[in-house]
Amino acid sequence: MRIAVCIKQVPDTEARLRVRKDGLWVEEEDLPFVINESDNYALEEALTIAEKTAGEVVVVSLGPERVKDALRKALALGASRAVHLAEEAFQGGDALATGRALAAAIAGQEVDLVLTGSQSDDVGYGATGSVIAGHLGWPHAWLVMGLEIEEGGTSARVTREMESGMNEIFRLQLPAVIEVQAGINHPRYASLKGIMAAKRKPIERPSPADLGLEASQIGAAGSRLEVLEVAFPDSGEGAEMLEGDAATMARTLVEKLQREARVL
Amino acid sequence: MSGETYQRYFGSQHRLVRETVRSFVRDEILPHVDAWEEAGSFPRRLYRRAAELGILGVGYPETCGGVGGDVFTGIAVAEELTGSGSGGLVAGLGSHHIALPPIVRHGSDEQKRRFVAPVLAGERIAALAVTEPDAGSDVAGLRTTAVRDGEAYVVNGSKSFITSGCRADQVTVAVRTGGPGAAGISLLVVEAGTPGYSTSPPMKKMGWWASDTAQLFFDDCRVPVANRIGPENAGFKLLMENFQSERLQMVVIANATARLALDEALRYAAERRAFGRPLADFQVIRHRLADMATEVTISREFAYRVAAKIQAGVDQVMEVSMAKSFAAAVCERVTHAAVQIFGGYGYVREYPVERLFRDGRILSIGGGTSEIMKEIIAKRLLAEDEK
Ligand SMILES: Cc1cc2nc3c(=O)[nH]c(=O)nc-3n(C[C@H](O)[C@H](O)[C@H](O)COP(=O)(O)OP(=O)(O)OC[C@H]3O[C@@H](n4cnc5c(N)ncnc54)[C@H](O)[C@@H]3O)c2cc1C
């Protein structure tokens, strides 16, 4: 089974962010970037399925040059090749434009399954996977907590988390786009052997024309959403610092959660 | 940002290596390390696991079962492992780094198959035995004899302070096969279980608790001639070659240990209050932290420079010796200062600086003492013949 995994490189969630001068995004210089958390789980899921089915994993990412590091890591973890949509024309898009470009890149790979994370840790639209599925015309599932490829490899049994703690379990015909949640498995570490071998694995860099895309369909030009500003909210009112030793603070916190916030 | 470039020692591949080793340390070592330290040993399966991740095989060619990687890959691994805060674990898990290089460089294919690949696979533990009860710094004065008898050497003598000595499955042993002095030394691989070979119980030490350190005894121990590494009586040169990588390794451990102690001290100085303010507000403490950071940075930058030259094939015998004696001294001063900043808490085992201080002490002794390092430096400076 051949599986495409879409990964996004995002600022490390622990990094301190500063708004860029133009106010439209964060300052990227010196910012540590990592693979988006839920994408790690998508990749692990894909690698496990590929191992069981003697298949292969192709990782796909759209983003600037720095994204190469994320792709190398995915290759080190066991993906066999990578597709990097690196050209300037691809960049700066909303979920619609980005999903369109990714779908076009995947369409050429003859895959049986597309896995992605459910949401990115930076902008968090949670929409790119749906757009990809729409363009490919494939069935789609979001917030997936369990995935099993069924006998014969033509369908998947999918467990989704619903509100109120219930699960929804259903069957999807393959090919399909499945967006997994963080926590669905235990992502492996890259072995040092894998890291060394990753150097020799290919990273394709198709141009928009290679994918049959016009510049107007992708990147900022192909977007329907325009970012006006990113900003930190004014620090909120009503924050209260608890005092005392750990036991006292824990007791006060539980009381407040019960009486004031009414969440317990 | 200016467009000027400067040499960066680590690239994206090294970052990935660090990430893996750091995760391994965080998930599989740190939760147990205090117990292992107290027990004086860590489980054998850790070798397997480290091998699986390729950690044991860094710096060794793939043809021997290694994973390759340059000098800086090895440095990245050693730095991250030292993040465990247990010098003993790093020494024990890494004892093959002093036992295998002579076999990799000078062994036959058959010897590499038998003595290198299984060690890098984590199936066998390897140790190096040079030091003797009566010959430490004076390597050329070693007395363990190996007398040829047909297809075997009959080995008699003893070795002391051998890291991983108790549980090693194979030991690269320096023996006297010829006349006195450096020209009469050979290297033999002795396997555990060979009749006439035995070990002491683990020695009780100031630091490096998680590693076992043993005395080895050879009593008419017959070792096949096929286990000799390189030509007969050519062992001294092999040992001297081997010291270069061992010393660089110890430099890296010294710097990383000092860095850990500094980080601990920085955190503690910001948190701990005395006389109504954080320790970090007292100028004496601030300046001490500044001195610690300065020393750690200088030592580390110099070590990287030396490593880069080694990577490029430049002779660095003198510089490695400088780096080792310097880094060991920095490590001692910085860990000592960290204990001082922690006050009474620095003296108890619940806080990591206590161990860092004890573990750091070996670094100016093992792998050639600081005095011997200075002898090597002085000889080069004075252009005296190396003997
Ligand atoms: C925990 C631990 C692990 C070790 N692991 C190993 C191992 O795995 N394999 C191994 O072979 N060895 C190992 N060693 C041994 C270590 O390498 C030796 O202890 C070291 O080389 C010093 O030798 P020595 O102890 O005999 O001291 P000596 O050589 O007796 O030195 C005593 C003192 O005299 C000084 N001195 C000696 N000669 C001179 C000189 N010419 N000029 C000035 N001063 C001099 C020394 O610097 C030192 O201060 C280990 C030691 C320890 C403590």
Side-chain angles (χ1 to χ4, degrees), chain A residues 7 9 12-15 18 20-21 27-37 39-41 43-44 47 51 59 61 63-79 82 84 86 185-201 203 243 245-246, chain B residues 1-3 8 10-30 46-81 83 93-94 96-97 117 120-122:
Chain A
I7 59 174
Q9 197 191 38
D12 192 329
T13 45
E14 279 169 28
R18 285 174 300 135
R20 201 167 64 189
K21 275 210 190 75
E27 189 57 72
E28 290 200 352
E29 194 159 296
D30 298 328
L31 194 60
F33 280 88
V34 296
I35 296 180
N36 182 51
E37 196 195 0
D39 299 356
N40 285 311
Y41 293 85
L43 180 60
E44 176 62 36
L47 292 170
E51 278 161 9
V59 281
S61 188
E65 283 308 315
R66 59 170 162 74
V67 166
K68 233 176 17 194
D69 287 348
L71 291 172
R72 285 266 174 246
K73 181 171 182 193
L75 295 172
L77 284 162
H84 183 184
N185 49 40
H186 297 283
R188 66 194 69 188
Y189 319 143
S191 78
L192 272 54
K193 202 172 181 163
I195 295 171
M196 304 297 166
K199 263 190 309 205
R200 300 187 286 267
K201 293 181 177 175
I203 300 183
E243 308 232 325
D245 60 16
Chain B
M1 269 254 297
S2 72
R8 288 168 203 258
F10 299 97
S12 59
Q13 188 172 321
H14 298 115
R15 275 200 296 280
L16 286 180
V17 167
R18 278 189 192 282
E19 232 180 85
T20 292
V21 183
R22 196 174 299 166
S23 310
F24 170 64
V25 168
R26 183 195 58 215
D27 300 342
E28 301 180 38
I29 296 179
L30 283 177
L46 203 68
Y47 287 94
R48 273 288 174 107
R49 182 68 182 126
E52 213 172 79
L53 292 171
I55 290 171
L56 300 188
V58 164
Y60 298 88
E62 286 170 56
T63 48
C64 297
V67 299
D70 61 0
V71 172
F72 286 96
T73 314
I75 291 178
V77 170
E79 287 181 347
E80 294 302 329
L81 285 176
L93 198 60
H96 67 293
H97 285 316
L120 298 183

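In what follows, chains are A, B, ... by sequence order, proteins preceding strands, each numbered from 1.
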Checklist entry - Which bit of B/Glu19 is near chain A, if near means a heavy-atom gap under 4.5 Å: side chain, backbone, both or neither? => result side chain

Item to check | Identified salt bridge (Lys or Arg N to Asp or Glu O under 4.0 Å) counterpart of A/Glu28 within the set A/Arg20, A/Arg66, A/Lys21 | outcome: A/Arg66

Checklist entry - Taking all atoms of both residues into account, what is the closest heavy-atom pair of A/Leu192 and B/Gly54, and its distance? => result CD2-O, 3.7 Å

Next on the checklist: Please identify, among A/Lys68, A/Arg188, A/Lys73, A/Arg72, the residue contributing the most non-hydrogen atom pairs under 4.5 Å to chain B.
Outcome noted: A/Lys73

Checklist entry - Given that the side chain runs from C-beta out, which part of A/Lys199 has a heavy atom under 4.5 Å from chain B: side chain, backbone, both or neither? => result side chain

Checklist entry - Of all heavy-atom pairs between B/Glu52 and A/Ser191, which one has the smallest distance, and what is that distance? => result O-CB, 4.0 Å

Item to check | Atom of B/Val21, atom of B/Glu80 and distance for their closest heavy-atom approach | outcome: CG1-CB, 3.5 Å

Checklist entry - Where on B/Val58 is there a heavy atom nearer than 4.5 Å to chain A: the side chain, the backbone, both, or neither? => result side chain

